[in-house]
Peer 1: 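This structure is in structure tokens; I'll ask about it shortly.
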Amino acid sequence: RLVWLLGMILGLGTGSVFFLPLGNIFLIGSSILVGIGFFGGLSALIAWLVVSTENSIRATTLAMQESAIDISIAQISLIFGFTIGWIGLNFSFAALGIITVVVAFILFITAMAKQT
């Protein structure tokens, strides 16, 4: 559940860049939220993988997870580049932030439902 909460924080930070023209304080706030969401989420995800995998395949699992992170960063850069050309820079940040928050919220609710 922590991973999904941190994903929502990441999305809020990304979406708040939309408000950057209103003042530089949004850059500081956005940077803090994205930093907490991204690096906290990665740390929680790695810990989750370590706990949930067997010792014999743990190194392979972590290597695959690292590759998945790199591929995901490349894919989101491509998607973000397309959206900038389509709807503009500010709206791209807002749209991708909202999508991230919504997806993380759905996954959080799903995780909560499975727990009970």
Side-chain angles (χ1 to χ4, degrees):
R1 295 178 310 196
L2 178 63
V3 173
W4 311 131
L5 287 173
L6 290 166
M8 285 187 268
I9 292 171
L10 172 66
L12 288 173
T14 303
S16 67
V17 174
F18 175 79
F19 299 105
L20 190 57
L22 300 177
N24 288 338
I25 191 70
F26 288 102
L27 179 62
I28 295 168
S30 173
S31 300
I32 290 170
L33 289 173
V34 169
I36 291 170
F38 184 76
F39 293 108
L42 283 181
S43 299
L45 181 62
I46 290 169
W48 183 17
L49 286 174
V50 168
V51 168
S52 62
T53 57
E54 299 174 17
N55 285 338
S56 61
I57 60 169
R58 189 167 291 156
T60 303
T61 303
L62 292 174
M64 290 176 62
Q65 182 261 346
E66 187 64 34
S67 295
I69 291 169
D70 295 338
I71 291 169
S72 298
I73 290 171
Q75 287 175 337
I76 198 65
S77 297
L78 178 68
I79 292 168
F80 194 71
F82 283 132
T83 61
I84 288 173
W86 181 43
I87 60 175
L89 185 64
N90 284 357
F91 287 105
S92 294
F93 277 107
L96 292 175
I98 290 168
I99 290 168
T100 302
V101 169
V102 168
V103 170
F105 182 73
I106 291 169
L107 292 170
F108 178 75
I109 296 299
T110 303
M112 292 295 291
K114 286 182 181 178
Q115 187 180 16
T116 57

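Throughout, numbering of the chain's residues begins at 1 and tracks the sequence.
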Peer 1: Heavy atoms, side chains only, cut-off 4.5 Å: are F80 and L89 in contact?
Peer 2: yes
Peer 1: Does any non-hydrogen side-chain atom of T110 lie less than 4.5 Å from one of K114?
Peer 2: yes
Peer 1: Report the distance from atom CG of L45 to atom CG of L2, rounding to the nearest 0.5 Å.
Peer 2: 10.5 Å
Peer 1: Tell me every residue that passes side chain to side chain donor-acceptor pair (under 3.5 Å) with N55, counting only those two or more places apart in sequence or in another chain.
Peer 2: R58
Peer 1: Measuring from atom CH2 of W86 to atom CZ of F91, what distance do you get when rounded to the nearest 0.5 angstrom?
Peer 2: 12.0 Å
Peer 1: Are L5 and V34 co-members of a hydrophobic cluster defined by side-chain heavy atoms under 4.5 Å apart?
Peer 2: no
Peer 1: Only one of I106, I9, V103, L107 clears side chain to side chain contact (heavy atoms under 4.5 Å, CB included) with W4; which?
Peer 2: L107
Peer 1: Please test N90 against L20 for side-chain contact (heavy atoms from CB on, under 4.5 Å), starting from the C-alpha separation and ending with a verdict.
Peer 2: CA-CA 8 Å; N90 284 357; L20 190 57; 5.6 Å; no
Peer 1: Do you reckon M8 sits in the same ILVMFWY cluster as I109, going by side-chain contacts under 4.5 Å, direct or chained?
Peer 2: yes
Peer 1: Could you check whether atom CZ of F108 has more than 12 heavy atoms from other residues, nucleotides or ligands sitting under 6.0 Å from it?
Peer 2: yes
Peer 1: Would you say CG of N24 has more than 12 non-hydrogen atoms from neighbouring residues, nucleotides or ligands within 6.0 angstrom?
Peer 2: no
Peer 1: Just verifying a value: how many Å separate L27 CG and S31 OG, rounded to the nearest 0.5 Å?
Peer 2: 4.5 Å
Peer 1: Verify side-chain contact (heavy atoms from CB on, under 4.5 Å) between L96 and T83, making sure each step is shown before the conclusion.
Peer 2: CA-CA 9 Å; L96 292 175; T83 61; 4.2 Å; yes
Peer 1: Please answer: with hydrophobic residues joined when any side-chain heavy atoms are less than 4.5 Å apart, are I69 and I71 in the same cluster?
Peer 2: no
Peer 1: Identify whether M112 and V3 are in the same connected component of the hydrophobic contact network (ILVMFWY, side-chain heavy atoms under 4.5 Å).
Peer 2: yes
Peer 1: Hey, what do you get for OG1 (T53) to CE (M64), rounding to the nearest 0.5 Å?
Peer 2: 11.5 Å
Peer 1: Do S92 side-chain atoms and I84 backbone N/O form a donor-acceptor pair below 3.5 Å?
Peer 2: yes
Peer 1: Do L42 and I73 share a hydrophobic cluster (ILVMFWY, side-chain heavy atoms under 4.5 Å, transitive)?
Peer 2: yes
Peer 1: Counting only N and O atoms by type, is there a donor-acceptor contact under 3.5 Å from the side chain of S30 to the main-chain atoms of G13?
Peer 2: yes
Peer 1: Enter the distance from I25:CD1 to S16:OG here, rounded to the nearest 0.5 Å.
Peer 2: 11.0 Å
Peer 1: Any idea which heavy atoms bring A44 and L6 closest together, and the distance?
Peer 2: CB-CD1, 4.3 Å
Peer 1: Distance check, rounded to the nearest 0.5 Å: L12 atom CG versus T100 atom OG1?
Peer 2: 9.5 Å
